[in-house]
Structure formats: C-alpha cells, structure tokens
Amino acid sequence: MLSEPRSGRLAAWGNALLAGLVSPDDAALAIVGEDTVHRVEGLPGESAQVGLTLALGRLRALGTTGLRVALPAPGHPLGLSGPPEFNARALEAEEAVVCFGAAFGLVPQVYEAGPAGDVHAEVVWQVLPVREAPPADVPSLGEAERELAEALREATEVLSKLDVAGSGPVAEAAIDAYRARSERGREVLAPGYPPRAVRVLELARRVGLLVSLAHGRGHGAAVTSAEMAARSEALRPVERTARRAQVAAYNSIVEERERGVR
C-alpha cells in the first residue's frame, strides 16, 4: 500500500474529469502515471481496445456520473456489489473501479513488456457488467479516520511487543523513498476531493507503510512459528482497516453526491 493503486488513480482523476475540473488529456496523463499506456477493452459500442479519453467520454454518455474504487481481498469483498463474475475478476486483480450511474465496472490487467532493465507496464482495463447496489463494507470518512487512528495505536503496541520496529537500513530506505514520493507529488488526490479525504488517504498510506515494513523485515525477533503467526494476526486487521480507509477516501466524492451534499 505504499503506492497508489491504479484503480485509485482512475477513479480520482476520472471523477475530476466528470466534474469538469480537469481536461481529458490531463486526466489520462495522471491515470497512466509511470505506466506506458492504458487501454480499455469491452466498452459497449466498441469492438476493439480504445484509449482512456474516449473510454471515459463513452462511460459518461452511458450514464456514469462517478467512479468508485474496490480493493477486495480473500474473505473481504471491499467495495464490490456483484455479480460473482465481476467480483472474481476484481479479487484476482485485487482492485477494480465501479461506475456510479451505469452498471459497469473496470478491472485492470497488467502486462510487463521490454528488455531486462527496461521493463515497463501496459494496462488493459476490462469493462464488465456490475450489479447496481451499495458497495460492500465501505465506511464513511469519519468512521475511517477514527478506525485508522485506533489501528495505528494498536499496531504500534502489538508490533513493539513482538520486537518488530521500523528501524535498520531497509526500513530507513523505505521511509526515505516514501517521503521522496510524497514530496514529488503533493497532490494526494485529484482536484475536487474534500480535505478530509486527503487526510484519511495520507493516514491510510502511513498505516500501510507500517504494515509493509513489518512484513518486509523478515522474522526480526519473532523467530518461532507462534510468534510469526502472532505478527500476521496482529497485522491482518490493521491492513484491512487501511484498505477500508483508502476506499472511503477515493469514493468520498461519489458518496457525498449520493447523499446530496454536492
């Protein structure tokens, strides 16, 4: 969770485009990010893959007024509403975008291309039918913020007891890289998102960094199988909370619009 999911970029900048806050070219550039190209396949009325700008325009014409993020994991269909085929594809990709106002969803397929040392990613978004229903297990921004603060305290306490501290050269390098990315792109979300959503997403990423460091430091002092299991058990609800908060932040514009706030 150190980097922004592709579904997050698509939803955030797609929402900004749908709201008329950015141009189609700027939205497409932000969505592609460091990838080489993004294409969309299975769009109604198109027999071949199309570019992002055309796809977003077509989805708007089909009734889409907003885009939601889903970040499902085994046993946790976070942000999904069915049907089973779409849920299965989203679970396999570990992410998806669900249209609001039209019964479509998009699941990314990532392909690596290029020679060794110069490998780049190409993404094809598969358009599939979805069930128009409330997304599963997505909290409000307020709930997400409270849950994150509690999860951060609990994780720090438990991991300290397990002697899993964020120290050492590997951890320091990860933290430095995270800070560098933050400084390069201070715009955490696309234009139009409320400040609270930005705050929640930043906190979710910090919690995700803690989880990643704890997993990435090997066994640390937790050398027995029981201690390793305890670490995983401690991290599982923390990671779940961070994913829920991440989805809440990305989906906040659509949720506010649905409640009539905007």
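Bear in mind that the values here come from a model prediction, so they are computed numbers and not experimental data. Basis for what follows: all heavy atoms, side chains included, without hydrogens, waters or symmetry-related copies. Positions are given from 1 along the sequence.
Considering CH2 of Trp125 and CG of Leu10, their distance stands at 4.5 Å, rounded to 0.5 Å. With values rounded to the nearest 0.5 angstrom, Arg146 atom CZ is found 6.0 Å from Ser140 atom OG. Summarising the geometry, atom CD belonging to Glu122 is positioned 9.5 Å from atom CG belonging to Asp35; distances are rounded to the nearest 0.5 Å.
With no hydrogens or angles considered, a side-chain donor-acceptor pair links Tyr193 and Asn15 at under 3.5 Å.
Residue Val107 is found in a hydrophobic cluster whose other members, listed by chain and number, are Leu80, Phe86, Val98, Leu128, Val130; membership requires side-chain heavy atoms under 4.5 Å apart, directly or through intermediates. Chaining together hydrophobic side chains whose heavy atoms lie under 4.5 Å apart places Phe100 alongside Val254.
In this structure, the side-chain contact (heavy atoms from CB on, under 4.5 Å) partners of Arg199, at least two apart in sequence or on a different chain, are Glu145, Arg196. Partners of Ala136 by side-chain contact (heavy atoms from CB on, under 4.5 Å), not counting sequence neighbours, listed by chain and number: Pro77. Not counting sequence neighbours, the partners of Arg68 by the side-chain hydrogen bond (donor to acceptor under 3.5 Å, both in side chains) test are Glu255, Glu258. With sequence neighbours excluded, the residues satisfying side-chain contact (heavy atoms from CB on, under 4.5 Å) with Gln109 are Arg89, Tyr111, Gln126. Residues passing the side-chain contact (heavy atoms from CB on, under 4.5 Å) test with Leu78 are Leu71, His76, Asp137, Val138, Arg243, Arg244, Val247, sequence neighbours excluded. For Thr241, the side-chain hydrogen bond (donor to acceptor under 3.5 Å, both in side chains) criterion is met by no residue, not counting sequence neighbours.
Heavy atoms only, all atoms of each residue included: Leu106 and Cys99 are closest at CD1-SG, 4.0 Å. In plain terms, the two heavy atoms of Ala249 and Leu189 that are nearest each other are O-CD1, 4.4 Å. Between Ala90 and Pro72 the shortest heavy-atom distance is O-CG, 3.6 Å. Glu4 and Tyr250 make their closest contact through CG-OH, 2.9 Å (heavy atoms, listed as atom of the first residue, atom of the second, distance). Closest approach of Ala96 to Pro108, counting heavy atoms only: CA-CD, 4.5 Å. Closest approach of Pro5 to Gln246, counting heavy atoms only: CD-NE2, 3.4 Å.
Identified under the salt bridge (charged side-chain N to carboxylate O under 4.0 Å, His left out) test for residues 96-105, with sequence neighbours left out: none.
Cluster annotation: Val69 is not connected to Leu91 through the hydrophobic network of ILVMFWY side chains, with a link wherever side-chain heavy atoms come within less than 4.5 Å. Side-chain heavy atoms closer than 4.5 Å link hydrophobic residues (I, L, V, M, F, W, Y) into clusters, and following such links, possibly through other members, connects Val110 to Val127. When the side chains of ILVMFWY residues are joined at heavy-atom separations under 4.5 Å, either directly or via intervening members, Leu43 and Val32 end up in a single hydrophobic cluster.
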Please output the side-chain donor-acceptor pairs of residues 44-57 that fall under 3.5 Å, not counting sequence neighbours, one pair per line with the distance.
unit_1 : atom_1 : unit_2 : atom_2 : d
Glu46  : OE2    : Arg58  : NH1    : 3.2
Glu46  : OE2    : Arg58  : NH2    : 3.0
Gln49  : NE2    : Glu41  : OE2    : 3.0

Can you list, pair by pair, the side-chain donor-acceptor contacts under 3.5 Å of residues 16-28, counting residues two or more places apart and other chains?
unit_1 : atom_1 : unit_2 : atom_2 : d
Ser23  : OG     : Asp26  : N      : 3.1
Ser23  : OG     : Asp26  : OD2    : 3.3

From CA spacing to verdict: salt bridge (charged side-chain N to carboxylate O under 4.0 Å, His left out), Arg205, Glu202: CA-CA 5 Å; Arg205 289 178 180 175; Glu202 286 181 325; over 6 Å; no
